[in-house]
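Here the structure is laid out as structure tokens; the discussion comes afterwards.
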Amino acid sequence: MNSLLFALVSAASVLQPLSSRLERAVFLAGSFEQTDYWALTLDSEVSSGSMYLAHPNLFLLQYDDSQDRAMGCNGTEVFTVDPEFEEILVYSGSPVGFLHILSSVSEEECTAVYSGDSVTVTAAGLFEGGVTQITAGYTVSDSLPYFFSTTDANGNSTSWKIADIEISDSCPDVFSIPLLPGYSVVDAGTL
């Protein structure tokens, strides 16, 4: 029987196992299913692909639906590769990786739901980029993520179901902004 336990706790304490695991990880690779929801139009879109994570704040999402479509962070810049417009949008400034987002909720109170070997943590507040709610799910036994979601003040959300995570002691060079023939590199701050 799977019992549920709800608790109101500090985010720092309940997210500590997940944050520590991501900080210690040299390289994680897995698959994801991303759901984007837009509150104004009530539209949603589901996409999937391969995910790569490394410390500090390195991530890469490679989408299956279009060759070269990707989103990532090289540690200093977040980038989006858009094959439809043959553009690579680069967002300079503070890096926004999964670990960075998790650390931004450390002082908040949150709700944790424990069910068997999993815990889902939801924190509400005002976070970077207009995010008002962050949800993270991980397994208690190995502290690996299986779910992550952000919601903004307008009710728009993006969530990722994460699966098939493999851990490696070496980190390949996959987090660089790609150089693609014919693509324009655009500073997103000038748009």
Side-chain angles (χ1 to χ4, degrees), residues 8-16 18-19 22-23 28 30 32-49 51-63 65-66 69-85 87-113 119-138 145-162 175 177 184-191:
L8 185 62
V9 294
S10 79
S13 64
V14 76
L15 288 173
Q16 179 58 37
L18 174 60
S19 296
L22 292 177
E23 286 173 2
L28 299 175
F32 71 90
E33 180 181 279
Q34 177 179 321
T35 302
D36 293 299
Y37 171 76
W38 298 276
L40 181 63
T41 61
L42 303 177
D43 288 330
S44 62
E45 179 179 277
V46 177
S47 50
S48 61
M51 175 199 70
Y52 307 97
L53 296 173
H55 183 72
N57 296 320
L58 301 172
F59 78 90
L60 178 64
L61 303 176
Q62 291 180 320
Y63 294 86
D65 61 354
S66 177
R69 181 176 170 221
M71 180 173 74
C73 181
N74 64 8
T76 57
E77 301 164 309
V78 174
F79 61 90
T80 303
V81 180
D82 185 347
E84 183 179 351
F85 296 104
E87 288 182 335
I88 300 171
L89 298 173
V90 179
Y91 306 85
S92 298
S94 69
V96 182
F98 290 101
L99 186 57
H100 179 73
I101 292 171
L102 286 176
S103 66
S104 72
V105 298
S106 63
E107 300 303 318
E108 305 293 324
E109 280 193 345
C110 62
T111 303
V113 178
V119 60
T120 304
V121 181
T122 302
L126 186 55
F127 307 106
E128 290 183 27
V131 171
T132 58
Q133 180 174 302
I134 296 171
T135 302
Y138 65 93
Y146 65 82
F147 183 78
F148 189 76
S149 176
T150 60
T151 303
D152 70 17
N154 296 318
N156 304 311
S157 66
T158 300
S159 62
W160 295 270
K161 293 179 186 174
I162 303 166
F175 300 107
I177 296 172
S184 302
V185 177
V186 178
D187 180 352
T190 63
L191 298 178

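Reckoned from all heavy atoms, side chains included, excluding hydrogens, waters and symmetry mates. The structure displayed is predicted, hence computed values, not measured ones.
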Quiz prompt | Exercise: identify the closest heavy-atom pair between Phe127 and Gly125 | solution = CE1-N, 3.6 Å

Quiz prompt | Candidate list Val186, Val81, Asp187, Asp82, test side-chain contact (heavy atoms from CB on, under 4.5 Å), partner Leu89, passing option | solution = Val186

Quiz item: Between Tyr63 and Phe32, is any pair of side-chain heavy atoms under 4.5 Å apart?
Solution: yes

Quiz prompt | Gap between atom CE of Met51 and atom NZ of Lys161 - 0.5 Å precision | solution = 15.0 Å

Quiz item: Under 4.5 Å between any side-chain heavy atoms of Phe148 and Ile134, yes or no?
Solution: yes

Exercise. Answer yes or no: is there a donor N or O on one side and an acceptor on the other, between the side chain of Asp152 and the main chain of Asn154, under 3.5 Å?
Key: yes

Quiz item: For Arg69 and Ser47, which heavy atoms make the closest approach, and how far apart are they?
Solution: NH1-CB, 4.0 Å

Quiz item: Looking at CD1 of Ile177 and SG of Cys73, how far apart are the two atoms once the value is rounded to the nearest 0.5 Å?
Solution: 9.0 Å

Exercise. For Leu40, look at atom CG and say whether over 12 heavy atoms of other residues, nucleotides or ligands are found less than 6.0 Å away.
Key: no

Quiz item: Can you name the residues that form a side-chain hydrogen bond (donor to acceptor under 3.5 Å, both in side chains) with Thr120, not counting sequence neighbours?
Solution: Tyr146

Practice problem: Identify, with sequence neighbours excluded, every residue that meets side-chain contact (heavy atoms from CB on, under 4.5 Å) alongside Thr41. | Solution: Trp38, Asp43

Practice problem: Please round to the nearest 0.5 Å and tell me the distance separating atom CD of Gln34 and atom OG of Ser159. | Solution: 8.0 Å

Quiz item: For Tyr52 and Gln62, which heavy atoms make the closest approach, and how far apart are they?
Solution: CE1-OE1, 3.4 Å

Practice problem: Would you please name every residue forming a ring pair (Phe, Tyr, Trp, His ring centres under 6.0 Å) with Phe175, sequence neighbours left out? | Solution: none

Quiz item: Going by atom types only, do Asn74 and Thr76 share a side-chain donor-acceptor pair under 3.5 Å?
Solution: yes

Self-check item: Taking every non-hydrogen atom, the tightest pair across Leu18 and Ala136
Solution: CD2-CB, 4.1 Å

Practice problem: Flag the pair Leu22 / Leu53 as yes when at least one side-chain heavy-atom distance between them is below 4.5 Å, and no otherwise. | Solution: yes

Quiz item: Do you know the tightest heavy-atom contact between Pro83 and Ser66?
Solution: CG-OG, 3.4 Å

Quiz item: To the nearest 0.5 Å, how far apart are CG in Leu126 and CD in Gln133?
Solution: 13.0 Å

Quiz item: For Tyr37 and Thr151, what are the C-alpha separation, side-chain angles and deciding distance, and is it a side chain to side chain contact (heavy atoms under 4.5 Å, CB included)?
Solution: CA-CA 9 Å; Tyr37 171 76; Thr151 303; over 6 Å; no

Quiz item: Can you check whether Leu61 reaches Trp160 side chain to side chain, under 4.5 Å on heavy atoms?
Solution: yes

Quiz item: Does a side chain donor of either Thr135 or Thr122 reach within less than 3.5 Å of an acceptor in the other side chain?
Solution: yes

Quiz item: How long is the gap from CD1 on Ile88 to CD on Glu77, to the nearest 0.5 Å?
Solution: 11.5 Å

Quiz item: Going from OH on Tyr138 to CG on Leu15, what distance comes out if it is rounded to the nearest 0.5 angstrom?
Solution: 6.5 Å

